[in-house]
S.K.: 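One structure follows; several queries about it will come next.
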Amino acid sequence: MENRIKSVDKMKKIVKKYYLTAKYAKYIGKKVAWITSGGPVEPLITMGIIPVYPENHGAMIGASKIGAKLSEYAENLGYSSDVCSYAKVDITSSITRQSPIGGLPKPDMLICCNNICGTVQKWYEIQARKFNVPLFIYDTPFCHVDLDESAKKYLNAQTKEYISFLEVHTKKKFDYDKMQEVGKLSVKAMKTWQAVLDCAINKPSPLSAFDAFIHLVLIVTLRGKKIVVDYYETLLKELKERIKNKIGTIENEKYRLLWDNLPIWYRMRWLSNAFAKHNGVLVADSYTQAWCGVVDYVDENRFLETMGEAYARVYLNIGTDKMANTIIKLIDKYSIDGVVMHSNRSCKPYSFGQYDIARIIQEKIGTPVLFIEADMTDERKFSQSQIENRIDSFMDVLSQKG
Amino acid sequence: MKNLMEKIDTVVQNPYDYLKNLSNSKKIMGYACTYAPIELIWASGFHPARIIGLSQHISMSDVFLQSYSCGVARTLLEDSLTKKLEFLDSFLFIHTCDTMQRLSDIFRMNLNFKHFDLILPVKLNTQTSKDYFVDILSDFKTKLEQEQHIKIDDDAIIQAVKIYNQLRKNLFDLYTTKSNYPFAIAYKDLSKIVKAAFIMDPFEFVYISSNLIENLHLENSKTTKRLMIVGSICTHPDIFNTIESKNASVVWDDLCSGTRFFDEQVDDTKQPLIAIADRLLKRAICPSKYINPTYRLDFLKQTIEKHKINGVIFLFMKFCEPHSFDYPDLKNLLENIGTPSILIEIENHNIFDEQTKTRLETFIEMLGD
Ligand code: SF4
Ligand code: SF4
């Protein structure tokens, strides 16, 4: 394991401290808000509210390989076996407290932004009933082709609503000066995160998509805090060092692959090895890019006024053809030889449309695409031998291509 | 009555033939969801037709859409890809669930219909979302004007509002009659009538349905188990036959192929776009929309009380997230208020298997007399 990224230990400490603070929030006089992964967290940070991410918690549950067990529990309550497993494991964990961190701290409020899916709306309604806490929905009109002026107006009006909601539920005035600072830090974090991901342009790549998945946690959860920028700068330094010394993530990086959709949390190492066996590395992915892909739409000096549009333009809230264009750009940028599409039974907005994306990729640039059908946390939906066979044949195709 | 139902039957059995015929005189805009502002579409010179896929076998749509998508999306796509919908000029997608959202892209990118998206707000409980609702209706009006090279004035929309209000009123009257006199009309027929309303010229529909209402026999003699169906789309006549042949009546529903289509009226004295938005905001919501976290529970409870429901049939499409997320809390609510319920999941709304039939029959028997 000499190839391991060393900064990760530091990150683990930050995450541990963050969860501890969230757990004891009420003892330090802080409020806790549950928020969706694509949600506007910066106003919460500005208000000193601790944001907690059930989806991140879902990822931890998935990585600890208890996703199937927790999903099953929810199914016994009547939830369908076909709905998003993040929602199910969260619903279960909030009842049984099962999870690697003993469950999430109880929310004082829920902030749901539907820029990733409509599932979160239903999920947060369930939790709003369970915990009997206020729910704010930040409704981001979908951009099939573009974002109309009416939608922009609606988004900006909601930003104001959001702030009033926070003021009412914390009984505190919103600090616009602080918001400026948080906004700047958020933009800086996004840019630094992009720089981290861009290290994968190098050959060999000093990090894999699996490393990116692991390091994603900070940009998701604490965007707007200085510690995030500091950490990613440290990581960047280490990665640059690795680039200088030509340290890759596997011995002999030959095929550079791109991952689409959420990770399969419970089989990360297995997947990594399955590709490495053929000298393949997943160097980039469409998922972790989502947290920096819209940075150009944000004006750090007018963060509140511009964040609505940026949040509405995130990867999962745009038309399939635009997603295809994004992927094609990534293929070019990271010199990708093959694309691995995780057709994720949990995540319909990410998965439906993938067939079109694959077709567009083939037509425009001819990069081979592999489909793996699974689920990000529910290991019952992972058929190992079948997937292994598919990976082997796909890598054969790549090797024949030269 | 028989003749009138025959006409309805003909339309419902061959909805595409009816529309094909109509397309000779009028451009047809298909839509999939009951949130479509049909009055505005009508006023622009299009005939709005709600399309519910008819395919029983899915093959071509598998090239575009994973098999874990709902039957509503798959059959609609299948019908389009197999060229059954060639009579359509345009298709309108309304922002509802994740599946429809992606299906819209598939249509836009792969099919030849003129494509429209109407991105309605998801939350319907704030002034900002109401303002946005009116704004996008107005944007949509502009797009229709450009497409049709006309100016749509308020009077034209008000005329459309009047005829569609009448259409909704007739449906509501029929449903109310069914609730008050469960044997006056079979739910199988009622369901067909709603389905015909999705398709037909509204004037023709109003004429037929008004006659139907006049010809109903209101007898109130027998008792029956009063059931309600909750879900998205259910149009399968066999399901209703199975239920109603067992001394039970479906006296109400909360389906988008039922009451959610005609709930509430448009105020024809108000500025029409505001009035259309108002109706869509105050009608019973579908689970992909949001008013407050307990709305769907409160609504079910009130409907059960109002229509004296003895049992609830949840009839969901497999893979439908919005409905299935609501289910456990709805089921618990029903347990608390002592109303029995059954959940039936169907893969394709055009196929009804023996096992489902048996389950339904057992449920109804279990309700006692
Ligand atoms: S996995 Fe997909 S469906 Fe589930 S919460 Fe995330 S974006 Fe939504
Ligand atoms: S059945 Fe459910 S998933 Fe399918 S289109 Fe309707 S709401 Fe969407």
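Chain A is the first sequence line, chain B the second, and so forth, proteins listed ahead of strands; every chain is numbered from 1. What you are looking at is a predicted structure, and each value in this text was computed from that prediction instead of being measured.
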S.K.: Report the option among A:R359, A:E125, A:K130 that has the most heavy-atom pairs separated by less than 4.5 Å from atoms of chain B.
M.R.: A:E125

S.K.: Output the distance between atom CG (A:N344) and atom SG (A:C84), rounded to the nearest 0.5 Å.
M.R.: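 Separation between the atoms: 8.0 Å.
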
S.K.: Describe, in one word, how the ring planes of B:F314 and B:Y327 are oriented to each other, choosing from parallel (under 30°), tilted (30 to 60°) and perpendicular (over 60°).
M.R.: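 B:F314 and B:Y327: perpendicular rings.
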
S.K.: Counting heavy-atom pairs closer than 4.5 Å to chain A, which one of B:T96, B:N125, B:D139 comes out on top?
M.R.: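 Max contact count across the listed options: B:D139.
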
S.K.: Side chain, backbone, both or neither: which part of A:D321 has a non-hydrogen atom closer than 4.5 Å to chain B?
M.R.: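 It is both, since atoms from each part get that close.
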
S.K.: Side chain, backbone, both or neither: which part of B:L297 has an atom under 4.5 Å from a heavy atom of chain A?
M.R.: side chain

S.K.: Under a 3.5 Å cutoff, is there a donor and acceptor pairing between the side chains of B:E321 and A:T119?
M.R.: yes

S.K.: Heavy-atom pairs under 4.5 Å with chain B - which of A:K348, A:R345, A:Q127, A:K153 has more of them than the others?
M.R.: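 With the most close heavy-atom pairs to chain B, the winner is A:R345.
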
S.K.: If I measure from the heavy atoms of chain A, does B:K130 come under 4.5 Å with its side chain, its backbone, both, or neither?
M.R.: neither

S.K.: Against chain B, work out which of A:G353, A:G319, A:A74 has the most heavy-atom pairs shorter than 4.5 Å and name it.
M.R.: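 Top option by heavy-atom pairs under 4.5 Å: A:G319.
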
S.K.: Determine the interplanar angle of the A:H169 and A:F165 rings, folded into 0 to 90°, and report it as parallel if under 30°, tilted if 30 to 60°, perpendicular if over 60°.
M.R.: tilted

S.K.: With sequence neighbours left out, what residues match B:D254 under salt bridge (Lys or Arg N to Asp or Glu O under 4.0 Å)?
M.R.: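 B:D254 satisfies salt bridge (Lys or Arg N to Asp or Glu O under 4.0 Å) with B:R260, B:R296 only.
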
S.K.: What part of A:A151 gets within 4.5 angstrom of chain B, counting heavy atoms only: side chain, backbone, both, or neither?
M.R.: both

S.K.: Less than 4.5 Å to any heavy atom of chain A: does that hold for the side chain of B:D131, its backbone, both, or neither?
M.R.: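 Neither; nothing under 4.5 Å.
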
S.K.: Scan side-chain atoms only and decide if B:D117 and B:H95 contain a donor-acceptor pair under the 3.5 Å cut-off.
M.R.: no

S.K.: Would a distance-only check, ignoring hydrogens and angles, find a side-chain to backbone donor-acceptor pair under 3.5 Å from A:E379 to A:A68?
M.R.: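 Indeed, once roles are kept as given, a pair shorter than 3.5 Å links the two residues.
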
S.K.: Decide, yes or no, whether a salt bridge links B:R108 with B:D105 under the criterion of side-chain N to carboxylate O below 4.0 Å.
M.R.: yes

S.K.: Taking NZ, NE, NH1 and NH2 as the nitrogens, is one of them in A:E149 or A:K152 under 4.0 Å from a carboxylate oxygen of the other?
M.R.: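 Salt bridge between A:E149 and A:K152, a charged N being under 4.0 Å from a carboxylate O: yes.
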
S.K.: For A:I318, is it the side chain, the backbone, both, or neither that has a heavy atom closer than 4.5 Å to a heavy atom of chain B?
M.R.: backbone

S.K.: Quick one: of B:I136, B:D326, B:L103, who has the most non-hydrogen atom pairs under 4.5 Å with chain A?
M.R.: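 Most heavy-atom pairs within the cutoff with chain A belong to B:D326.
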
S.K.: Just give me the residue among B:S104, B:C320, B:S138, B:A73 that pairs up with chain A most often, heavy atom to heavy atom, under 4.5 Å.
M.R.: B:S104

S.K.: Please assess A:Y350 against A:Y315 for the test ring pair (Phe, Tyr, Trp, His ring centres under 6.0 Å), listing each intermediate value before the final yes or no.
M.R.: CA-CA 9 Å; A:Y350 216 145; A:Y315 186 69; 5.8 Å; yes

S.K.: Could you check which of A:A358, A:C143, A:S351, A:A157 has the highest count of heavy-atom pairs closer than 4.5 Å to chain B?
M.R.: A:S351

S.K.: Nearest 0.5 angstrom please: B:E78 CD to B:I58 CD1, how far?
M.R.: 4.5 Å

S.K.: With B:K143 as the cation and B:F116 as the aromatic partner, state whether NZ or CZ is under 6.0 Å from the six-membered ring centre and within 45° of the axis.
M.R.: no

S.K.: Measure B:N292 against the heavy atoms of chain A and call it side chain, backbone, both or neither at under 4.5 Å.
M.R.: neither

S.K.: Are A:R313 and A:D146 within salt-bridge range, i.e. N to O under 4.0 Å?
M.R.: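 Salt bridge present between A:R313 and A:D146.
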
S.K.: Quick one: of A:Q354, A:K122, A:R129, A:H144, who has the most non-hydrogen atom pairs under 4.5 Å with chain B?
M.R.: A:H144

S.K.: Out of curiosity, B:I346 CD1 to B:I344 CD1, how far, rounded to the nearest 0.5 Å?
M.R.: 8.5 Å

S.K.: So which part of B:K331 gets closer than 4.5 Å to some heavy atom of chain A, the side chain, the backbone, both or neither?
M.R.: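 Only the side chain of B:K331 comes within 4.5 Å of chain A.
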
S.K.: Counting only heavy atoms closer than 4.5 Å, note whether B:S129 contacts chain A via side chain, backbone, both or neither.
M.R.: both

S.K.: Can you list the residues of residues 333-341 of chain B that sit under 4.5 Å from chain A, counting heavy atoms only?
M.R.: none

S.K.: Given the options B:D135, B:T128, B:I119, which has more heavy-atom pairs under 4.5 Å with chain A than any of the others?
M.R.: B:T128

S.K.: What about the rings of A:F352 and B:Y68, do their centers lie closer together than 6.0 Å?
M.R.: yes

S.K.: If you tally heavy-atom pairs under 4.5 Å against chain B, which of A:N114, A:I360, A:I91, A:L135 wins?
M.R.: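 Most heavy-atom pairs under 4.5 Å with chain B: A:L135.
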
